Amino acid sequence: MIPFTTRVARKQMETTLLSCSRQRLPRPARLYSTPTKRSSAPVMETLIPDSYPAFLPALPNHADPSSNVQDDTTTNDMHSFLRTRTPYMVLPPPLPCGKHSELNDLYYTDSPTRDLIAVMDACLHNCHDVHRAKEIFDNLRAKSAEQFLHPRLYTAFVEAYLEMALKEPEKKSLWVEDAWILLDSLFSGQEKVAVTTGAYALALITWLRYSSENAPSYIDGVTNHTPASLLKGIVDNQLSVVTVVSDRAIKSSEEAQNIIRALTGAAIQHNYPEIIRELGHAESMGSSLPDPYLDVPEVRPVTVNASVLNEDGMSSGKTETEIPFNLDVLRKHLAHVSLARRVLSEDLAARQKLLEDSVYDVAVQRMRRQAELFKELGLGDSVLRKQDLQLWMWQWHQLLQARLKEDIALLIEKETASLTGNPRNRAQPLGPFLSLVKPEKLSLITILEVMHLQGTGGVANGMKAARGLVGVGKAIELEYKAQMCKKNNISMPSTARVGESGFFSRYSYNNLHARRVTARKYMEDAEEWTGDWTQSLRVRVGSFLVDRLMDVAKVIRTGLNKRTGDTVEEEQPAFTHSYEYLRGYKLGIIKLNPVVAERMAKDSIRDTMHPRHLPMLVKPKPWLNYNEGGYIYNKNQVMRFKDSQEQQQYLKHASSRGNVELVYAGLDVLGSTPWQINRKIFDVVLEVWNAGYRLGKVPPAVYDEPEPEKTPEMETDQKARSIFIQRQRRWLANKANNHSDRCSVNYKIEIARAFLGDTFYLPHNLDFRGRAYPLPPHLNHIGDDLSRGLLLFGEAKPLGERGLRWLKIHLSNLYGYDKATFDERAEFVQKNLEDIYDSAENPLNGRKWWQKADDPWQCLATCMELKAALDSPDPLAYECSLPVHQDGTCNGLQHYAALGGDARGARQVNLDITDRPSDVYTYVANMVEKRMREDLEQNPENKYAKMLVGKIARKVVKQTVMTTVYGVTFVGAREQIERQLKDRGDVPLEDCYLAAAYLAKQVLQCIGDLFQGANDIMNWLTACARIISKSVPGDRVFEAMELDHASKSKKVKGTTTRLRKEQMAAVVWTTPLGLPIVQPYRKVKRKQVMTSMQSVYISDPNAPAEVNSQKQASAFPPNFIHSLDATHMLLTALECRTQDLMFASVHDSYWTHPSSIDQMSTIIRDTFIALHSSDVLSRLLNEFRERYKGYKVPVASLKTSQILKQLGIVDTATNISSRRPKNTIEAVLEPATETTDAAIQTAEEDEEPAEIIERPPTVSVLSKEQAVMLLKPVCGQAKRSNNASSATTQDGQPATEDSLEGKFVDLVDLLPPVPAKGEFDVNKIKSSLYFFS
């Protein structure tokens, strides 16, 4: 009997295919669908998942998705959505090093296990070493490690066994038996792994090949399974029989047809009429040709002769023509059915697939062709001696490719010979991983990745060795995974389309979730299983490849003999390995030969770029899962995890529960924005680049600053010598930076040149705080002024009257005249119209007005656009594709002012209604100027006040003011101001450091006075984070104390040290859109990896380490504010898509067409008000109380001045040392909860350590009031002088070092209340003209 739900779904699908058109569906149902030419193109009815996110009410049974009438519980109001309780994902924190539990192993896989899984994957690939893979697999299964094993891994092993049966005919019965044993364990439920369609497809293949009556290699008694028993299992597991017969495991159309016939017979036997019809329909679909364009005349298909059967099923002797069964056709039909008509738009993705598929082949062909061309001209050897980057790369590629073929073969032979020894002594193999990718690609990937990484990590003309090795190893891993995606030619879902009700109604959200689940399931079933590599494995693979590259890569370097004047040639390594001291650490570095580095800044470097560094020619793949989206083949994560396995697990589980649908939808909106290259700007940039001089962000070909000259005083004056050395170092650093900047601009220009005339897209993902970034790193709108100036929207809109006005205001903003009223800015443009025309017509040889702008390249682009509009017959009808920006005023302070209701701060950052825009940076600069003049009046000899008076422009303090709300420290503020003073050039270089220190102190004091509300919230967030990071899960307290006492009895480290190791709780919170944020700051645990090049120390993200309490506390305020501005941006993106506006963003700068600015401005204000009307801080406090319920904080950890102030034990003026005084008065309190033995055994003093008897652990859980009473004597003792009397406890006994040992307090009791909110009404923002401007 077919399950009722399956029958209903099948009936709905058939009805839809027959009678339902795309236009008749409600608009939300067309998410992930692409419009077709015909209005009658059929689609599948909206797919409803088995379960919805828990925080959304389910659709009622009577609800009709196509109806415009919604029930009472449905709302499409964004305000209501944001006020809904956000679902929390709560996972246990990782256990300390050396501790294990089934739950911990489920969420946090250690590196050795990950290495084993990766080895297993590599050995399975192409059946490299199935025996070793099977040994690892069996060991993992024996250890009940099912959490590490994916259902697709089981099918991969069955496929490998069947492949081995073909490779080793003499052992086929053993391999087939292993396949059936594994399949039986899956079908019986022993493995605790979900049975997939792939498993039944493989079972049917195995039966067909080895157990059917017509099997070519029949094996007797190997299984009792028949098509009838397998069909019953398919039905019992509620799997689609058509999906089984079209599974990728069935690679032969003939086998698929035979399986269909066998299952049809079984369905007749079991009386499954629905399945008989399904199989018959599948066979008819497979025997037909797809007809995507009905208006194209049909081409007669190739046919074959087939026997005509009589009623008895016997051949009648007659023949007729029929279309042969084709499995690929069936799969394409099913793809259209399962994801809706034309959802998988293969024709649109063809060019992008070609780009990602053949990038290495194209690079090799181009280099080969150039070498052959020079050889034909008789210039081969002579040219190779010249400095040409592509010819060098071709030469290196030939040598490295041959070397890798030889060395990999020797390595595999050596590792195979070592298998005969003791398994425990075997080293992790490297050969299987190097065999995953062909030597031709290994060679080219290594060369391209090393050259791409040059100049990174603060190393001029080189890279840190560890970074280079990891980078090469990761590139090999990504290429292997891309190959697996390409292998099965998986179709790509298109981007979601939004309904009329927007994204925030319950039905739209559920529909979005349903379609994403469907698409993700399709993609997963079509892909083969692959394992993830660990950092140490990447280092080892990278070291093997880079070491051989350094051996074979040579260049000819020429120089001039100063004595003879002759030209000298010498063959030198293209890459060298050495050591340098960087910030006090000795680091291994890989350096490029100077001639190679020089050519990197001059030659075309298009062949050094991987497609994952390039924009896309089609809309990016929608984000279907935490690791599925963006590029078609190249694997990407939706979040940049910063080596945090905990963050990955949180996002993985939140995604599976449907909590992050709107985050994925927002990223899809950002990625679907079309772009094109501004050809006019590109031509100017190219001219400047080829001329080699400095202009804007284009650095000169030869560094143009004069080298500092030595002075005669250097020989006698130590200060003069020190000043010269300082200036010389700065000059050398600037020269090296100029070269790195030149290489960076070269990438931008090459990419822009490659995409001229194309419309392209920028896939996005998130950082761990939820901020969105484009995946292509070189040319994107988040880049510098040059990158932004080169970009236009891919679609144009008529300007209109308001659009023309906003284009003028935008030009004024870019020039730097952005603190006046809108009318004054528009007037500024009118007054400078002559210069604007001159800039547009003659940018390089005219008056060069545009070059004086704050953002010169964007200013020039706007000048050209404005001139084109004004010169057109109808300026208001001019089609403009230039993005216009709306920027927040110190957006972090805007969020703080809204959170705290700070009226004074709100006025400074334009939240309140004002006639003119407020400029907080100028205000702070004026405050600092006033304070310095007061200092100068009090002390006329104040050197730095005298030096800086009159020089404090807004630019000097801007970055410090902006980052103060993000937790900038005094050191950070000093460094920011020092850079600005050096750039001004009117402060002596040798005085910049101390002058910046003096100025930073003044700036921070002024900001503290101005934004008291922001400081209160920042302190509250810091206090919460500090308490959380000191906590221990309740179920770990007793065990931790027990181990501590055991350690202490052996005279090792005390209790506190052990408790610190148990402090594993990171600060975790959830954004209003459901995205879980985990702060990744933990104490670094380094792992040593020995390589042939050097010993590499890497951080192991899978090794558990206690949290870095200081970093968790200081980073929480800025990270929380960043998560809020990221939420605001995504809300705005979704609402702009709902209202059909083009949208792009650079964090707190929102872009759209000039004519859409007024509409987007309304959306920006509405989304900000909705976000801050949801009582963000109270929701955060409630989440902390729920998330950390049961966590305990050691009382000894509360002795820091910051926590004591929050508890009200000391006032803000008291400075309490974080180290506990030796003598304290401790009140002995009755614990609320106590775990102790009846008596404490003591040991009499004895000289032999063996006679010491351990004390049983004592754990006391106190209330907050009891903890405060216990800590008050600490404060009193700190205030008293050192000659005060010794402290005693309440019972008169002297206080000991162990007085606070074993005492805990509930974390929830310690969380401070939310700061009181001010009187500012956030709804005033609706009337604020300059909130975003």
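No experiment lies behind these values; they were computed from the predicted model shown. Note: hydrogens, waters and symmetry copies are ignored here, and every other heavy atom, side chains too, is used.
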Close aromatic pair by centroid cut-off 6.0 Å: His1128 and Tyr1150
yes
Is the side chain of His764 donor-acceptor paired with the backbone N or O of Leu762 at a distance under 3.5 Å, no angle test?
yes
In terms of side-chain geometry, is the basic nitrogen of Asp991 or Lys943 positioned less than 4.0 Å from the acidic oxygen of its partner?
yes
Could you check whether His781 and Phe793 have their ring centres less than 6.0 Å apart?
no
Cut-off 3.5 Å, side chains only: do Gln1079 and Lys1111 have a donor facing an acceptor?
no
If we only count heavy atoms from C-beta on, is the Asp838 to Glu834 side-chain gap below 4.5 Å?
no
To the nearest 0.5 Å, atom NE2 of His810 lies from atom CG of Asp818 at 12.0 Å
What do you reckon, is CG of Asp915 surrounded by more than 12 foreign heavy atoms closer than 6.0 Å?
no
Shortest non-hydrogen contact from Ala945 toward Leu936
CB-CD1, 4.0 Å
Heavy-atom side-chain proximity of Phe1116 to Thr1022 below 4.5 angstrom
no
Please round to the nearest 0.5 Å and tell me the distance separating atom CG of Leu1004 and atom CZ of Arg974.
11.5 Å
Can we say Arg679 and Asp683 salt-bridge, meaning some charged N sits less than 4.0 Å from an Asp/Glu carboxylate O?
yes
Report the C-alpha distance between Ile977 and Val957 in whole Å, list the side-chain angles of each, state the deciding distance to 0.1 Å, and finish with yes or no for side-chain contact (heavy atoms from CB on, under 4.5 Å).
CA-CA 7 Å; Ile977 293 173; Val957 302; 5.6 Å; no
Report, as yes or no, whether the 6.0 Å neighbourhood of atom OH on Tyr993 holds more than 12 heavy atoms from other residues, nucleotides or ligands.
no
Could you tell me whether the side chain of Asn737 and the main chain of Ala733 form a donor-acceptor pair under 3.5 Å?
yes
Count the heavy atoms belonging to other residues, nucleotides or ligands that lie under 6.0 Å from NZ of Lys955, then report whether that count exceeds 12.
no
Any donor-acceptor pair under 3.5 Å linking the side chain of Lys1001 with the backbone of Ala997?
no
Any salt bridge between Glu937 and Arg933, counting N to O under 4.0 Å?
no
Check the pair Phe1331 / Phe1168 against ring-ring contact (aromatic ring centres under 6.0 Å, His included), numbers first and verdict last.
CA-CA 10 Å; Phe1331 168 55; Phe1168 192 90; 4.9 Å; yes
Are His739 and Tyr703 close enough that their ring centres sit under 6.0 Å apart?
no
Do Arg721 and Ile725 have side chains that approach each other closer than 4.5 Å (heavy atoms only, starting at C-beta)?
yes
Here the pair of heavy atoms bringing Leu814 nearest to Cys859 is CD1-N, 4.0 Å
Measure from the side-chain N and O atoms of Arg825 to the backbone N and O of Ala820, and report whether any donor-acceptor pair falls under 3.5 Å.
yes
Are the charged groups of Asp741 and Lys697 less than 4.0 angstrom apart, N to O?
no
Do Leu695 and Trp857 make a side-chain contact, defined as non-hydrogen atoms from C-beta onward lying under 4.5 Å apart?
yes
With a cut-off of 6.0 Å (strictly less than), are more than 12 heavy atoms of other residues, nucleotides or ligands near NZ of Lys930?
no
Trace of the side-chain contact (heavy atoms from CB on, under 4.5 Å) decision for Asn1119 with Tyr1081
CA-CA 12 Å; Asn1119 287 341; Tyr1081 313 114; 3.0 Å; yes
Restricting to non-hydrogen atoms, name the atom on Ala752 and the atom on Ile677 that form the minimum distance, rounded to 0.1 Å.
O-CG1, 3.7 Å
Determine, step by step, whether Leu732 and Arg729 satisfy the side-chain contact (heavy atoms from CB on, under 4.5 Å) criterion, reporting the C-alpha distance in whole Å, the side-chain angles of both residues, the deciding distance to 0.1 Å, and the verdict.
CA-CA 5 Å; Leu732 291 172; Arg729 285 177 178 170; 5.7 Å; no
Taking the side chain as every heavy atom from C-beta outward, state whether Ile836 and Trp849 have any atom pair closer than 4.5 Å.
yes
Examine the side chains of Gln886 and Ser1149 and answer whether a donor and an acceptor come within less than 3.5 Å of each other.
no
Flag for Ser918-Gln908: side-chain donor and acceptor within less than 3.5 Å:
no
Would you say Gln894 and Asn891 are linked by a side-chain donor-acceptor pair, where the criterion is simply a distance under 3.5 Å?
yes
Which pair of non-hydrogen atoms, one from Pro856 and one from Gly696, has the smallest distance, and what is that distance?
CG-CA, 4.1 Å
Return yes if some donor-acceptor pair links the side-chain N/O of Ser1328 with the main-chain N/O of Asp912 below 3.5 Å, else return no.
yes
Side-chain contact test, heavy atoms from C-beta onward, threshold under 4.5 Å: evaluate it for Tyr837 versus Cys863 and give yes or no.
no
Of all heavy-atom pairs between Cys890 and Val920, which one has the smallest distance, and what is that distance?
CB-CG1, 4.2 Å
Take Arg931 and Cys1006, measure what side-chain contact (heavy atoms from CB on, under 4.5 Å) needs, and give me the verdict at the end.
CA-CA 9 Å; Arg931 290 178 67 103; Cys1006 291; 3.1 Å; yes
Count the heavy atoms belonging to other residues, nucleotides or ligands that lie under 6.0 Å from NZ of Lys735, then report whether that count exceeds 12.
no
Glu824 and Arg916 ion-paired at < 4.0 Å:
yes
Would you say Glu709 has more than 12 foreign heavy atoms packed within less than 6.0 Å of its CD?
no
Report, as yes or no, whether the 6.0 Å neighbourhood of atom NZ on Lys958 holds more than 12 heavy atoms from other residues, nucleotides or ligands.
no
Using a strict cut-off of less than 4.0 Å between a Lys/Arg side-chain nitrogen and an Asp/Glu carboxylate oxygen, indicate whether Arg847 and Asp835 qualify as a salt bridge.
yes
Under 6.0 Å from the ring centre and within 45 degrees of the ring axis: does the NZ or CZ of Arg788 meet both conditions for the six-membered ring of Trp1151?
no
Counting N and O atoms only, with roles assigned by atom type, does the side chain of Gln858 sit under 3.5 Å from a partner on the main chain of Leu786, one being a donor and the other an acceptor?
no
Check whether the ring centres of Phe822 and Trp806 lie less than 6.0 Å apart, and answer yes or no.
yes
So that I can tick it off, tell me whether Asp919 and Arg954 are bridged by a salt bridge, with the cut-off set at under 4.0 angstrom between side-chain N and carboxylate O.
yes
Would you indicate whether the side-chain heavy atoms of Asn738 and Asp704 approach each other to under 4.5 Å?
no
N-O pairing of Asp767 and Arg769 below 4.0 Å
yes
If I compare all heavy atoms of Pro699 with all of Val745, which pair ends up nearest, and what's the gap?
CD-CG2, 3.6 Å
For the residue pair Lys808 and Ser812, confirm or rule out a side-chain donor-acceptor distance under 3.5 Å.
no
Just so I know, are the side chains of Ile952 and Leu999 near enough to count as touching, which here means a heavy-atom distance under 4.5 Å?
yes
Tell me whether the centres of the aromatic rings in Tyr815 and Phe828 are closer together than 6.0 Å.
yes
